[in-house]
Amino acid sequence: MAIRVVRLGSDRAEGEGLRIGTVRRPPRGVPKAQFASGNWYDVWYPNLAPSVDTMKLGQEAQTPAQWQGFTRKYRTEMATPENSRSIELLAALSHQTDFSVGCYCEDEARCHRSVLRELLLEHGARLA
């Protein structure tokens, strides 16, 4: 049992399980009925997405210092009780079932999902 951290819209891995979209907005131009069949996500969970302002910081980051600024701000957002409990829940569920979390970004190293991966590990999650 484990969590996979994936790019939404990519082919699903065998046994991947439920795909959770940790994104601020649904995919553009995709009918809601096609979110799962198009490998976007089965469940939309924007609670673990960066706020709009923080997302812009990440998208505009061009230097390591700017990326670190984004990372700090996103971690601060995820430290709120509601978000922290969500991360703890996903970490605990990773010991019971297979599922995935993801975002649209092409490069995980410059995406909030790289930070989310770290947060899940810090909370004891099993990652694939």
Side-chain angles (χ1 to χ4, degrees):
M1 306 298 140
I3 302 172
R4 293 180 190 275
V5 180
V6 301
R7 180 176 185 203
L8 301 180
S10 65
D11 290 340
R12 293 178 189 245
E14 186 175 331
E16 182 178 315
L18 184 78
R19 188 174 272 198
I20 302 169
T22 61
V23 291
R24 183 63 38 208
R25 296 184 180 99
R28 289 183 183 147
V30 179
K32 187 176 184 177
Q34 294 178 8
F35 288 172
S37 64
N39 292 327
W40 296 104
Y41 51 74
D42 302 303
V43 177
W44 181 35
Y45 198 64
N47 304 50
L48 297 180
S51 67
V52 173
D53 289 341
T54 302
M55 183 177 58
K56 287 179 184 177
L57 282 177
Q59 291 172 335
E60 294 170 358
Q62 295 187 6
T63 67
Q66 290 171 327
W67 181 252
Q68 284 303 316
F70 161 78
T71 298
R72 277 190 303 276
K73 188 151 183 174
Y74 177 62
R75 280 181 165 272
T76 298
E77 291 176 357
M78 293 302 104
T80 65
E82 178 182 356
N83 293 331
S84 182
R85 284 191 295 271
S86 291
I87 292 169
E88 289 174 17
L89 174 64
L90 293 180
L93 286 173
S94 73
H95 295 266
Q96 304 296 318
T97 190
D98 292 320
F99 62 96
S100 61
V101 296
C103 180
Y104 309 121
C105 299
E106 186 174 347
D107 181 6
E108 182 179 329
R110 288 296 184 149
C111 177
H112 82 277
R113 71 180 189 265
S114 66
V115 183
L116 183 56
R117 175 190 295 274
E118 293 171 1
L119 289 167
L120 288 164
L121 285 170
E122 290 165 13
H123 285 82
R126 288 187 184 161
L127 272 85

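Throughout, residue positions are numbered sequentially from 1 according to the sequence presented. Keep in mind that the numbers below use all heavy atoms, side chains included, and drop hydrogens, waters and symmetry copies.
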With rounding to the nearest 0.5 Å, note down the distance linking [atom1] in [X] to [atom2] in [Y].
X	Y	atom1	atom2	value
Arg4	Arg117	CZ	CZ	10.5 Å
Gln68	Arg75	CD	CZ	9.5 Å
Ser10	Tyr104	OG	OH	12.5 Å
Thr71	Glu118	OG1	CD	7.5 Å
Ser51	Arg24	OG	CZ	6.5 Å
Arg126	His95	CZ	NE2	5.0 Å

List, by chain and number, the other hydrophobic cluster members for Tyr74, where Ile, Leu, Val, Met, Phe, Trp and Tyr join if side-chain heavy atoms come within less than 4.5 Å, directly or indirectly.
->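 Besides Tyr74, the hydrophobic cluster comprises Ile3, Val5, Leu18, Ile20, Val43, Tyr45, Leu48, Leu57, Trp67, Phe70, Met78, Ile87, Leu89, Leu90, Leu93, Phe99, Val101, Val115, Leu116, Leu119, Leu120, Leu121, Leu127, listed by chain and residue number.
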Check for a donor-acceptor pair, side chain of [X] on one end and backbone N or O of [Y] on the other, with a separation under 3.5 Å.
X	Y	value
Arg19	Leu8	no
Gln34	Pro31	no
Ser114	Arg110	no

Where do Tyr41 and Val23 land on the side-chain contact (heavy atoms from CB on, under 4.5 Å) test, with the steps shown first?
-> CA-CA 10 Å; Tyr41 51 74; Val23 291; 4.2 Å; yes
Restricting to non-hydrogen atoms, name the atom on [X] and the atom on [Y] that form the minimum distance, rounded to 0.1 Å.
X	Y	result
Glu106	Arg113	O-NH2, 4.0 Å
Glu16	Asp11	OE1-O, 4.4 Å
Ala79	Ser84	O-CB, 4.2 Å
Met1	Asp98	CA-OD1, 3.1 Å
Gln66	Glu60	OE1-O, 4.1 Å

Donor-acceptor side-chain pairing of Glu77 and Asn83 below 3.5 angstrom =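 No pair is found: no donor N or O on one side chain lies under 3.5 Å from an acceptor on the other.
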